[in-house]
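See structure below.
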Amino acid sequence: QVQLVESGGGLAHTGGSLRLSCAASGRTSSVYHMAWFRQAPGKEREFGAVIHWNGVGTLYAESVKGRFTISRDNAKNTVYLQMNSLKSEDPAVYYCAAGARFSAKSTDYNSWGQGTKVTVSS
């Protein structure tokens, strides 16, 4: 019921930054918890970060903690992922997800974007 469209992916250098955006539309989109997952070639989908529907709480994977920041602007129905200090293990397709549970499990989310590719050059 919630449609998600990611943008902001591209090429960055090691130590550089990117900001991903996810625009949500559809009925009751503002009451969903919003998360970012990523999937590298040959690997399973991996949790990155989640933010509560009202922005009061966040949870990060250890692999990105201290480097990535998730935020949301409910007035614009948009969630962001600020990615700093990019490393060689960060290249992947990044997916935005929405769900009713505040969770790090991909199966708890029922709405997904199409993904945006992040590439990091050495």
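We count residues from 1, following the sequence as given.
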Atom pairs and distances, donor-acceptor, side-chain atoms in residues 9-21, under 3.5 Å, two or more places apart:
| unit_1 | atom_1 | unit_2 | atom_2 | d |
| --- | --- | --- | --- | --- |
| S17 | OG | N84 | OD1 | 2.8 |

Check: When you look at CD of E44, are more than 12 heavy atoms from neighbouring residues, nucleotides or ligands closer to it than 6.0 Å?
Finding: no
Note to self: Taking ring-ring contact (aromatic ring centres under 6.0 Å, His included) as the definition, give me every residue that meets it alongside F47, ordered by chain and number, with sequence neighbours left out.
What the structure shows: F37
Notebook entry, point to check: Backbone N or O of S85 within a donor-acceptor pair of the R67 side chain at under 3.5 Å?
Noted result: yes
Check: How long is the span from the CE atom in M34 to the OG atom in S71, to the nearest 0.5 Å?
Finding: 11.5 Å
Notebook entry, point to check: Quick one: does C96's side chain get under 4.5 Å of V79's, heavy atoms only?
Noted result: yes
Notebook entry, point to check: Is the count of non-hydrogen atoms from other residues, nucleotides or ligands lying under 6.0 Å from K117 atom NZ greater than 12?
Noted result: yes
Check: Hey, what else clusters with V5 if you join Ile, Leu, Val, Met, Phe, Trp, Tyr whenever side-chain heavy atoms sit under 4.5 Å?
Finding: none
Note to self: I want to check something: taking the side chain as every heavy atom from C-beta on, are S103 and Y109 in contact at a cut-off of under 4.5 Å?
What the structure shows: yes
Notebook entry, point to check: Closest heavy-atom contact between E6 and Y95?
Noted result: OE2-CA, 3.3 Å
Check: Does some side-chain heavy atom of R38 sit less than 4.5 Å from a side-chain heavy atom of D90?
Finding: yes
Check: What distance separates C22 SG from L4 CG, expressed to the nearest 0.5 Å?
Finding: 4.5 Å
Next item on the list: Would you name the heavy atoms of A40 and A92 that are closest together and state the gap between them?
Entry: N-CB, 3.8 Å
Next item on the list: Could you grab the distance from atom CD of E46 to atom CD of E89, nearest 0.5 Å is fine?
Entry: 9.5 Å
Checklist line | Beyond-backbone contact of V64 with M83, side-chain heavy atoms, under 4.5 angstrom | finding: no
Next item on the list: Answer yes or no: is there a side-chain heavy-atom contact under 4.5 Å between T69 and L81?
Entry: no
Check: Going from OH on Y32 to CG on N74, what distance comes out if it is rounded to the nearest 0.5 angstrom?
Finding: 13.5 Å
Check: Are the side chains of L59 and F102 in touch, meaning some heavy atoms are under 4.5 Å apart?
Finding: yes
Notebook entry, point to check: Checking R72 against W53: charged group under 6.0 Å from the ring centre and within 45 degrees of the axis?
Noted result: no
Next item on the list: Report whether Y80 and L86 are members of the same hydrophobic cluster (ILVMFWY, side-chain heavy atoms less than 4.5 Å apart, transitive linking).
Entry: no
Checklist line | I51 to T58 - nearest heavy-atom pair and separation | finding: CG1-CG2, 3.8 Å
Notebook entry, point to check: Hey, quick one: are F68 and V50 part of the same hydrophobic cluster, counting side-chain heavy atoms closer than 4.5 Å, chains of contacts allowed?
Noted result: no
Note to self: Please report the interatomic distance CZ(R101) to CG(N110), rounded to the nearest 0.5 Å.
What the structure shows: 12.0 Å
Notebook entry, point to check: Which atom names give the shortest non-hydrogen contact between S106 and W112, and what distance separates them?
Noted result: O-CZ2, 3.4 Å
Notebook entry, point to check: Hey, any chance V2 and I70 share a hydrophobic cluster, counting ILVMFWY side chains that come within less than 4.5 Å of each other, even indirectly?
Noted result: yes
